[in-house]
Amino acid sequence: MTASPAGVLVVLEGGDGAGKSTQIARLVEHLGAAHPAREVVVTREPGGTPLGARIRELLLHGDHVAPRAEALLFAADRAHHVASLVRPALERGAVVVGDRYVDSSVAYQGAGRALDATEVASISRWATEGLVPHLTVLLDVDPQEGRRRRGGRDDRLEAESAAFHARVREHFLALAAAAPERYLVLDAARPAADLAAEVAGAVDALLGGAGA
(Lines give C-alpha, C1' and ligand atoms only; values in the text may rest on other atoms or scores of the structure.)
Protein backbone atom coordinates (compact mmCIF):
# COMPACT_ATOMS: atom_id res chain seq x y z
CA MET A 1 0.00 0.00 0.00
CA THR A 2 1.30 3.46 -0.86
CA ALA A 3 0.43 6.98 0.20
CA SER A 4 -2.88 8.39 -0.94
CA PRO A 5 -2.40 10.57 -4.04
CA ALA A 6 -4.53 13.24 -2.36
CA GLY A 7 -1.88 14.04 0.20
CA VAL A 8 1.89 14.41 0.17
CA LEU A 9 4.31 13.00 2.72
CA VAL A 10 7.63 14.82 3.05
CA VAL A 11 10.16 13.54 5.58
CA LEU A 12 13.37 15.18 6.76
CA GLU A 13 16.12 12.81 7.80
CA GLY A 14 19.73 13.12 8.87
CA GLY A 15 22.12 12.77 11.74
CA ASP A 16 21.67 14.56 15.02
CA GLY A 17 22.46 18.26 14.69
CA ALA A 18 21.76 18.33 10.94
CA GLY A 19 19.25 21.18 11.24
CA LYS A 20 16.02 19.31 10.57
CA SER A 21 13.98 21.46 12.94
CA THR A 22 15.18 24.66 11.27
CA GLN A 23 14.36 23.37 7.80
CA ILE A 24 10.95 22.08 8.85
CA ALA A 25 10.06 25.49 10.26
CA ARG A 26 11.17 27.21 7.05
CA LEU A 27 9.27 24.73 4.89
CA VAL A 28 6.07 25.20 6.88
CA GLU A 29 6.40 28.97 6.51
CA HIS A 30 6.87 28.57 2.75
CA LEU A 31 3.89 26.25 2.41
CA GLY A 32 1.65 28.69 4.22
CA ALA A 33 2.62 31.47 1.81
CA ALA A 34 2.83 29.53 -1.46
CA HIS A 35 0.09 26.94 -0.93
CA PRO A 36 -2.46 28.56 1.39
CA ALA A 37 -5.23 26.14 0.38
CA ARG A 38 -3.25 23.15 1.65
CA GLU A 39 -3.51 21.85 5.18
CA VAL A 40 -0.03 21.29 6.61
CA VAL A 41 0.53 18.75 9.37
CA VAL A 42 3.90 18.77 11.14
CA THR A 43 4.88 15.73 13.15
CA ARG A 44 7.86 13.76 14.40
CA GLU A 45 9.05 10.28 15.28
CA PRO A 46 9.04 9.18 17.93
CA GLY A 47 6.52 11.36 19.72
CA GLY A 48 3.97 12.48 17.14
CA THR A 49 1.04 11.23 19.23
CA PRO A 50 0.31 11.11 22.99
CA LEU A 51 1.30 7.42 23.02
CA GLY A 52 4.39 8.29 20.99
CA ALA A 53 5.40 10.96 23.48
CA ARG A 54 5.53 8.31 26.21
CA ILE A 55 7.56 5.98 23.99
CA ARG A 56 9.88 8.87 23.11
CA GLU A 57 10.61 9.48 26.77
CA LEU A 58 11.54 5.83 27.27
CA LEU A 59 13.69 5.67 24.15
CA LEU A 60 15.58 8.95 24.39
CA HIS A 61 15.63 9.80 28.08
CA GLY A 62 15.19 6.50 29.90
CA ASP A 63 17.59 3.83 31.03
CA HIS A 64 19.35 1.30 28.80
CA VAL A 65 17.14 -0.38 26.19
CA ALA A 66 18.30 -3.58 24.50
CA PRO A 67 18.91 -2.97 20.77
CA ARG A 68 16.13 -5.27 19.53
CA ALA A 69 13.68 -3.86 22.05
CA GLU A 70 14.69 -0.37 20.92
CA ALA A 71 13.95 -1.24 17.29
CA LEU A 72 10.56 -2.68 18.22
CA LEU A 73 9.61 0.35 20.33
CA PHE A 74 10.39 2.67 17.41
CA ALA A 75 8.29 0.44 15.16
CA ALA A 76 5.41 0.44 17.65
CA ASP A 77 5.46 4.23 17.78
CA ARG A 78 5.54 4.33 13.98
CA ALA A 79 2.63 1.92 13.55
CA HIS A 80 0.38 3.98 15.83
CA HIS A 81 1.62 7.28 14.39
CA VAL A 82 0.88 6.30 10.79
CA ALA A 83 -2.50 4.74 11.56
CA SER A 84 -3.82 7.49 13.80
CA LEU A 85 -2.22 10.66 12.39
CA VAL A 86 -0.33 10.35 9.11
CA ARG A 87 -2.74 8.32 6.96
CA PRO A 88 -5.83 10.28 8.01
CA ALA A 89 -4.03 13.54 7.18
CA LEU A 90 -2.97 12.24 3.77
CA GLU A 91 -6.51 11.13 3.06
CA ARG A 92 -7.67 14.68 3.78
CA GLY A 93 -5.20 15.95 1.18
CA ALA A 94 -2.76 17.45 3.67
CA VAL A 95 0.96 17.97 3.25
CA VAL A 96 2.49 15.97 6.09
CA VAL A 97 5.97 17.14 7.07
CA GLY A 98 7.72 14.63 9.27
CA ASP A 99 10.86 14.82 11.39
CA ARG A 100 12.27 11.28 10.91
CA TYR A 101 10.62 8.12 9.62
CA VAL A 102 11.62 4.59 8.57
CA ASP A 103 15.12 5.52 7.38
CA SER A 104 16.07 6.63 10.87
CA SER A 105 15.31 3.18 12.26
CA VAL A 106 17.24 1.49 9.47
CA ALA A 107 20.22 3.79 9.99
CA TYR A 108 20.25 4.04 13.79
CA GLN A 109 19.08 0.59 14.84
CA GLY A 110 20.23 -1.28 11.73
CA ALA A 111 23.65 0.27 11.11
CA GLY A 112 24.25 2.08 14.40
CA ARG A 113 23.27 -0.83 16.64
CA ALA A 114 24.66 -3.39 14.15
CA LEU A 115 21.36 -5.19 13.83
CA ASP A 116 20.23 -6.63 10.49
CA ALA A 117 19.17 -3.51 8.57
CA THR A 118 16.98 -5.59 6.22
CA GLU A 119 15.06 -6.98 9.19
CA VAL A 120 14.67 -3.53 10.76
CA ALA A 121 13.32 -2.18 7.45
CA SER A 122 10.93 -5.13 7.17
CA ILE A 123 9.50 -4.47 10.64
CA SER A 124 8.82 -0.83 9.72
CA ARG A 125 7.25 -1.77 6.39
CA TRP A 126 4.85 -4.04 8.26
CA ALA A 127 4.18 -1.37 10.90
CA THR A 128 3.35 1.28 8.29
CA GLU A 129 1.61 -1.03 5.79
CA GLY A 130 4.22 0.02 3.27
CA LEU A 131 3.71 3.79 3.44
CA VAL A 132 6.63 5.45 1.62
CA PRO A 133 7.32 9.21 1.60
CA HIS A 134 6.85 11.09 -1.65
CA LEU A 135 10.06 12.95 -0.81
CA THR A 136 12.80 12.33 1.72
CA VAL A 137 15.15 15.23 2.36
CA LEU A 138 18.44 13.97 3.75
CA LEU A 139 20.44 16.66 5.52
CA ASP A 140 23.93 15.20 5.52
CA VAL A 141 26.04 16.36 8.44
CA ASP A 142 29.47 15.33 9.66
CA PRO A 143 28.95 13.74 13.10
CA GLN A 144 31.54 16.00 14.73
CA GLU A 145 29.83 19.07 13.33
CA GLY A 146 26.48 17.74 14.52
CA ARG A 147 27.85 17.32 18.04
CA ARG A 148 29.31 20.84 17.96
CA ARG A 149 25.93 22.26 16.96
CA ARG A 150 24.16 20.43 19.78
CA GLY A 151 26.51 21.97 22.30
CA GLY A 152 26.61 18.91 24.53
CA ARG A 153 22.82 18.65 24.90
CA ASP A 154 22.62 14.94 24.10
CA ASP A 155 19.83 12.42 24.56
CA ARG A 156 20.51 8.69 24.88
CA LEU A 157 21.13 8.14 21.16
CA GLU A 158 22.95 11.43 20.55
CA ALA A 159 25.41 10.49 23.30
CA GLU A 160 26.56 7.39 21.41
CA SER A 161 30.14 7.10 20.14
CA ALA A 162 31.61 8.78 17.09
CA ALA A 163 31.86 5.37 15.42
CA PHE A 164 28.11 4.82 15.97
CA HIS A 165 27.24 8.13 14.35
CA ALA A 166 29.66 7.50 11.47
CA ARG A 167 27.85 4.23 10.71
CA VAL A 168 24.51 6.02 10.85
CA ARG A 169 25.68 8.68 8.41
CA GLU A 170 27.08 6.13 5.96
CA HIS A 171 23.84 4.16 5.98
CA PHE A 172 21.68 7.23 5.41
CA LEU A 173 23.78 8.03 2.33
CA ALA A 174 23.55 4.42 1.14
CA LEU A 175 19.75 4.48 1.44
CA ALA A 176 19.59 7.68 -0.59
CA ALA A 177 21.93 6.30 -3.26
CA ALA A 178 19.72 3.21 -3.63
CA ALA A 179 16.57 5.25 -4.38
CA PRO A 180 17.66 8.62 -5.82
CA GLU A 181 14.24 9.29 -7.36
CA ARG A 182 12.69 10.07 -3.99
CA TYR A 183 15.64 11.60 -2.12
CA LEU A 184 17.00 15.12 -2.01
CA VAL A 185 20.45 14.95 -0.42
CA LEU A 186 21.77 18.27 0.86
CA ASP A 187 25.00 19.26 2.58
CA ALA A 188 23.84 20.48 5.98
CA ALA A 189 26.92 22.72 6.24
CA ARG A 190 25.49 25.05 3.59
CA PRO A 191 23.63 28.23 4.62
CA ALA A 192 20.17 27.47 6.02
CA ALA A 193 18.48 29.84 3.57
CA ASP A 194 20.02 28.06 0.57
CA LEU A 195 18.91 24.68 1.90
CA ALA A 196 15.41 25.99 2.54
CA ALA A 197 15.12 27.23 -1.04
CA GLU A 198 16.04 23.81 -2.43
CA VAL A 199 13.62 22.01 -0.13
CA ALA A 200 10.82 24.43 -1.01
CA GLY A 201 11.49 23.97 -4.71
CA ALA A 202 11.34 20.19 -4.45
CA VAL A 203 8.08 20.29 -2.50
CA ASP A 204 6.58 22.83 -4.90
CA ALA A 205 7.34 20.42 -7.72
CA LEU A 206 5.43 17.66 -5.90
CA LEU A 207 2.46 19.98 -5.38
CA GLY A 208 2.38 21.15 -8.97
CA GLY A 209 3.53 24.74 -8.44
CA ALA A 210 2.58 27.64 -6.24
CA GLY A 211 -1.03 27.82 -5.13
CA ALA A 212 -1.70 24.10 -5.60
Side-chain angles (χ1 to χ4, degrees), residues 7-48 56 60 81 86 89 94-108 111-112 133-155 157-160 162 164-177 179-212:
V8 171
L9 175 58
V10 178
V11 174
L12 278 81
E13 294 278 14
D16 298 300
K20 295 185 303 301
S21 297
T22 296
Q23 291 306 318
I24 287 172
R26 287 175 177 255
L27 176 58
V28 170
E29 182 180 2
H30 168 78
L31 289 169
H35 305 274
R38 282 276 191 169
E39 177 190 3
V40 178
V41 175
V42 181
T43 189
R44 67 178 182 175
E45 290 192 354
R56 182 183 183 89
L60 300 185
H81 181 227
V86 177
V95 180
V96 180
V97 181
D99 183 343
R100 298 200 182 282
Y101 190 55
V102 172
D103 289 353
S104 279
S105 284
V106 179
Y108 278 83
H134 293 82
L135 173 67
T136 299
V137 177
L138 174 58
L139 297 173
D140 178 42
V141 66
D142 178 88
Q144 291 186 341
E145 171 62 15
R147 188 174 295 276
R148 185 194 67 78
R149 290 181 179 187
R150 296 194 305 275
R153 299 183 300 277
D154 290 346
D155 60 33
L157 286 177
E158 290 168 345
E160 287 290 342
F164 173 96
H165 287 287
R167 292 194 299 272
V168 168
R169 182 191 189 189
E170 290 170 5
H171 207 78
F172 270 132
L173 291 170
L175 289 169
E181 69 281 355
R182 73 169 180 89
Y183 283 85
L184 174 63
V185 181
L186 299 173
D187 180 354
R190 291 171 54 200
D194 293 350
L195 297 175
E198 287 207 41
V199 175
V203 176
D204 285 346
L206 281 176
L207 296 176

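Every value quoted in this text rests on a predicted model; they were computed, and no experiment measured them.
Taken to the nearest 0.5 Å, the CG atom of Leu175 stands 8.0 Å off from the CZ atom of Arg182. We find the CG-OH distance between Leu173 and Tyr183 to be 10.5 Å, quoted to the nearest 0.5 Å. Separating the CZ atom in Phe172 from the OG1 atom in Thr136 is a distance of 10.0 Å, to the nearest 0.5 Å. The CG atom of Leu12 sits 7.0 Å away from the CG atom of Leu27 when rounded to the nearest 0.5 Å. The CG atom of Leu31 sits 11.5 Å away from the CD1 atom of Ile24 when rounded to the nearest 0.5 Å. To the nearest 0.5 angstrom, His81 atom NE2 is 10.0 Å from Arg44 atom CZ.
Within a 6.0 Å sphere centred on CD of Glu39, heavy atoms belonging to other residues, nucleotides or ligands number more than 12. For Glu145, the CD atom counts as densely surrounded, since its 6.0 Å shell holds more than 12 non-hydrogen atoms of other residues, nucleotides or ligands.
Comment: Glu170 does not engage Arg167 in a salt bridge, judged by the lack of any side-chain N to carboxylate O separation of less than 4.0 angstrom.
Under the 4.5 Å side-chain criterion, counting only non-hydrogen atoms from C-beta, Arg169 is in contact with Asp142. Side-chain contact between Leu206 and Val95 is absent, with no heavy atoms from C-beta onward closer than 4.5 Å. Put simply, the side chain of Val40 does not reach to within 4.5 Å of the side chain of His35, judged on heavy atoms. Looking at Arg100 and Glu13, their side chains come closer than 4.5 Å, going by heavy atoms from C-beta outward. Counting heavy atoms from C-beta outward, Asp16 and Arg149 have side chains that stay 4.5 Å or more apart. For the pair Leu139/Gln23, a side-chain contact is recorded, criterion being any heavy-atom separation below 4.5 Å from C-beta on.
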Applying side chain to side chain contact (heavy atoms under 4.5 Å, CB included) to Glu198 and Leu186, what does each step give before you reach the verdict? CA-CA 9 Å; Glu198 287 207 41; Leu186 299 173; 3.4 Å; yes
Would His30 and Asp204 count as a side chain to side chain contact (heavy atoms under 4.5 Å, CB included) if you check the C-alpha gap in whole Å, the side-chain angles of each, and the deciding distance to 0.1 Å? CA-CA 10 Å; His30 168 78; Asp204 285 346; 2.9 Å; yes
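Side-chain contact, Asp103 with His171: no donor N or O sits under 3.5 Å from an acceptor N or O.
What you find for Ala18 and Ala188 is that their closest heavy atoms are O-CB, 3.4 Å. When all heavy atoms are compared, the tightest approach of Arg56 to Pro46 is NH1-O, 2.6 Å. Residue Leu184 comes nearest to Ala202 through the heavy atom pair CD2-CB, 4.0 Å, listed as atom of the first residue, atom of the second, then distance. The shortest non-hydrogen separation linking Gly7 to His134 is O-CE1, 3.4 Å. The heavy-atom pair separating Ala107 from Val168 by the smallest distance is O-CG2, 3.6 Å. Contact between Val11 and Tyr101 at its shortest, heavy atoms only, is CG1-CB, 3.6 Å.
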